[in-house]
A.B. asks: 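I'd like to ask you about the structure that follows.
Computed over heavy atoms, backbone and side chain alike; hydrogens, waters and symmetry mates excluded. Each ligand, and each atom within it, is numbered from 1 in the order the structure gives. Just so you know, these numbers come straight off a predicted model, no measurement behind them.
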Amino acid sequence: MHPLLSLCVVWLLPMALALQENSPVDTFPRNGISLFHEEGIFNYSTLLLREDLGLLIIGAREAIYAVDLHNVSKKFASVKWEVTQKQRDDCRNKGKNPETECKNYIKILHEMEDTRMYVCGTNAFDPECDYMSYTNGKLNLENKAEDGKGKCPFDPYQKYASLMVEDDLYSATSMNFLGSEPVLIRSPDVSIRTEFKSTWLNEPHFVSLAHMLESVNSATGDDDKVYLFFSETAVECDCYNKLVVSRVARVCRGDLGGERTLQKKWTSFLKARLECPVLESQLPYIIQDAYHWCDPDQPWTECLFYTIFTPQSDTSDLSAVCMYKALDISKVFSEGKYKTPVAVETSFVKWVMYSGEVPSPRPGACIDNAARKAGINQTLDLPDQTLQFVKNRPLMDQVIQPVGGKPSLVRKGAMFTQIIVNQVQAADEKMYHVMFIGTENGTIVKAVNYDGEMFIIEEVHVFKSSEPIKILRFSMVTDQLYAGSDSGVVQIPLATCERSSSCMDCVLNRDPYCGWDKKSGKCVALSKSQNKLIQSVQNGDASLCPKSDPFAPVNQSIWIGGNLKLLCTNPSNRAATIWEQDKQTLSPTRRHHFLKDGLLILNASDSDAGCTVVCQWSARKQMSTQAL
Ligand SMILES: *[C@@H]1O[C@H](CO)[C@@H](O)[C@H](O)[C@H]1NC(C)=O
Ligand SMILES: *[C@@H]1O[C@H](CO)[C@@H](O)[C@H](O)[C@H]1NC(C)=O
Ligand SMILES: *[C@@H]1O[C@H](CO)[C@@H](O)[C@H](O)[C@H]1NC(C)=O
Ligand SMILES: *[C@@H]1O[C@H](CO)[C@@H](O)[C@H](O)[C@H]1NC(C)=O
Ligand SMILES: *[C@@H]1O[C@H](CO)[C@@H](O)[C@H](O)[C@H]1NC(C)=O
Ligand SMILES: *[C@@H]1O[C@H](CO)[C@@H](O)[C@H](O)[C@H]1NC(C)=O
């Protein structure tokens with residue numbers, strides 16, 4: 001037997017390459033998550049940030065809490081709001097479940113101008129509202145017992161939306177016990193609501209409401225708008241089966257209703273179909289949440305709506321993010337054509353584009369300078385013709401398409417439930433929008449759009465699996481994200497840079513919040529560092545990292561027929577290890593085994609003598625799953 005000197009020179013070479021491979025992102029529980037939950041209390045589905053008081057207000061079933069905005073585990077105050085025995089009995093007598101439905105689910109929490117809060121609960125299928133203040137470290141309900149009809153749903157399971165603008169409460173919910181009378185209503189001062197007609201709202205599921213400051217610096221003297229996102233059964237569909245479509249509707253803030261026609265009803269309610277086209281889907285996807293993103297330094301025309309969509313049928317497990325420009329939506333309402341019903345046969349109605357004459361002022365338009373010039377100072381002055389037109393034709397002809405004509409992100413797996421978006425400036429001084437998306441499986445997906453390429457930074461398990469995220473909020477004061485579910489509320493930092501222990505991992509994560517500090521040798525938050533950091537969000541180029549410890553090539557000896565393990569530990573789970581022998585990429589064989597921390601060569605032979613083996617890493621660049 002003679003020894004074989006095999007000159008296996010091993011060295012490590014970090015490289016940044018794009019692999020076509022679509023690697024899944026690891027989900028892992030994360031340290032530093034603070035949790036709030038109280039024994040026996042469920043359904044933590046309403047959150048209100050009170051940054052002025054350093055509080056997060058949490059609405060749950062039969063209870064409201066005030067916790068520390070910096071650490072939600074610290075409870076400062078709580079107040080119970082339970083239903084009375086009589087209310088529970090009444091509810092049960094109407095056929096509802098006393099243990100679940102006949103309770104008070106807190107659904108509405110808004111801050112008022114005088115810093116008090118407005119609170120509403122389902123109150124055993126008899127919704128009620130109240131005023132609440134936080135004084136001397138206590139939450140106090142005023143027991144005003146205001147009627148909550150039209151503000152808060154009766155049914156705790158029913159989808160609803162609400163928004164407070166300067167003490168005007170806009171709410172989209174059902175007005176009655178059966179849940180069959182949907183409304184968009186503004187209260188309390190001049191109560192204005194939608195017409196109860198299926199052409200206005202047809203079995204809707206309300207998703208969200210947003211206020212848009214369109215009056216600010218408006219050249220035409222336009223009014224502010226309130227946008228409503230929802231889904232409903234299409235009236236305009238020529239189909240046998242019910243088809244659900246997604247919609248955006250809007251009303252003008254100054255709307256006072258009509259004088260005779262549309263008395264106490266919106267004169268400005270217009271709606272349009274929203275499309276989020278997911279490949280290979282026959283049925284339209286359904287909107288589940290919308291987040292209104294505006295840069296405070298830019299006019300409203302730059303605002304965006306980030307929305308999430310899920311399939312109409314259970315045959316697919318894809319969820320999508322679609323992004324819409326506020327300006328595109330607004331243009332459809334202010335310039336687009338209307339749809340009109342035409343009777344085709346005795347009982348069949350077909351909806352087609354209206355091509356006749358449109359009265360003036362334009363139906364559904366807000367009162368602007370042109371209207372004021374014509375002596376119309378308020379909606380009460382609008383002519384009957386305009387009002388009749390909008391009463392019968394609230395639907396626009398044009399379908400609103402997302403930015404780029406397709407979803408920004410499509411992902412397989414747990415359905416998306418909630419979305420929230422934060423803007424952050426990266427080291428390249430560009431602004432990026434970071435999306436935090438809650439799922440049905442208790443996770444939060446963090447994703448960024450890098451010039452059209454959607455990159456998923458991470459997916460974090462914050463609740464036990466199969467527990468849906470019900471609400472998401474974030475605070476710029478604490479840089480924390482808050483998520484509510486049926487079992488509790490968690491708080492997580494917007495970024496946990498310190499999780500990366502190597503420069504490569506830090507850079508390959510492509511998190512715009514994080515960069516590698518050469519001086520301290522740590523992955524740190526950009527916002528907390530004065531030093532110039534290494535970051536490459538656009539390309540994930542890890543070659544920017546300092547040449548790691550000189551990995552000196554080593555000579556290794558081995559016997560013919562012997563085994564040899566060459567060590568190489570990958571510094572990032574986003575990087576793939578590639579082995580090369582004399583510049584030829586190795587693939588696993590019976591003799592070459594790829595281990596987590598190295599390469600195992602079995603039964604060495606003459607051919608191994610004098611070879612050079614290289615271990616290198618390449619960044620896995622994750623592409624959008626759009627190409628599914
Ligand atoms: C409230 O939480 C319980 C317990 O997790 C859950 O079973 C129930 O569906 C929730 N109710 C609502 C209205 O979300
Ligand atoms: C938050 O508060 C809890 C309870 O007071 C405490 O145990 C925990 O350490 C705090 N967490 C942080 C991050 O300060
Ligand atoms: C509208 O307002 C103008 C100026 O305030 C006033 O002169 C005019 O009479 C008003 N028109 C109506 C119809 O009230
Ligand atoms: C939900 O989470 C569990 C536990 O991590 C996982 O096994 C399951 O595959 C997830 N479901 C989906 C649809 O992603
Ligand atoms: C490896 O062995 C070769 C030939 O014996 C020698 O020239 C070289 O310097 C050695 N390299 C190292 C890193 O020991
Ligand atoms: C090792 O390799 C030699 C030839 O290179 C072969 O004859 C022998 O069968 C191999 N042994 C094993 C256990 O595979």
A.B. asks: Could you check which of Thr443, Asn441, Thr439 puts a non-hydrogen atom nearest to atom 1 (C) of ligand 4?
C.D. replies: Asn441

A.B. asks: Within the structure, does Lys107 bring an N/O atom to less than 3.5 angstrom of an N/O atom in ligand 1?
C.D. replies: no

A.B. asks: Give the atom numbers and elements of ligand 1 that come within less than 4.0 Å of a heavy atom of Pro156.
C.D. replies: 13 (C)

A.B. asks: With respect to atom 8 (C) of ligand 2, which of Asp68, Asn71, Leu35 exhibits the smallest heavy-atom separation?
C.D. replies: Asn71

A.B. asks: Taking heavy atoms and a distance under 4.0 Å, where does Lys470 meet ligand 1: side chain, backbone, both or neither?
C.D. replies: side chain

A.B. asks: Is it the case that Tyr306 and His292 place a side-chain donor and acceptor less than 3.5 Å from each other?
C.D. replies: no

A.B. asks: For the 3.5 Å polar cut-off, considering only N or O atoms, please tell me whether Ser34 and ligand 2 meet it.
C.D. replies: no

A.B. asks: Between the candidates Tyr44, Tyr105, Tyr157, which shows the shortest non-hydrogen contact distance to atom 9 (O) of ligand 1?
C.D. replies: Tyr157

A.B. asks: Okay, side chain of Asn176, backbone of Ser180: is any donor-acceptor separation there less than 3.5 Å?
C.D. replies: yes

A.B. asks: Do the side chains of Glu111 and Arg116 get close enough for a salt bridge, i.e. N-O under 4.0 angstrom?
C.D. replies: no

A.B. asks: State which residue, out of Asp89, Asp90, Thr84, fulfils the side-chain hydrogen bond (donor to acceptor under 3.5 Å, both in side chains) condition with Lys86.
C.D. replies: Asp90

A.B. asks: Does the side chain of Glu467 come under 3.5 Å of the side chain of Ser487 through a donor N or O and an acceptor N or O?
C.D. replies: yes

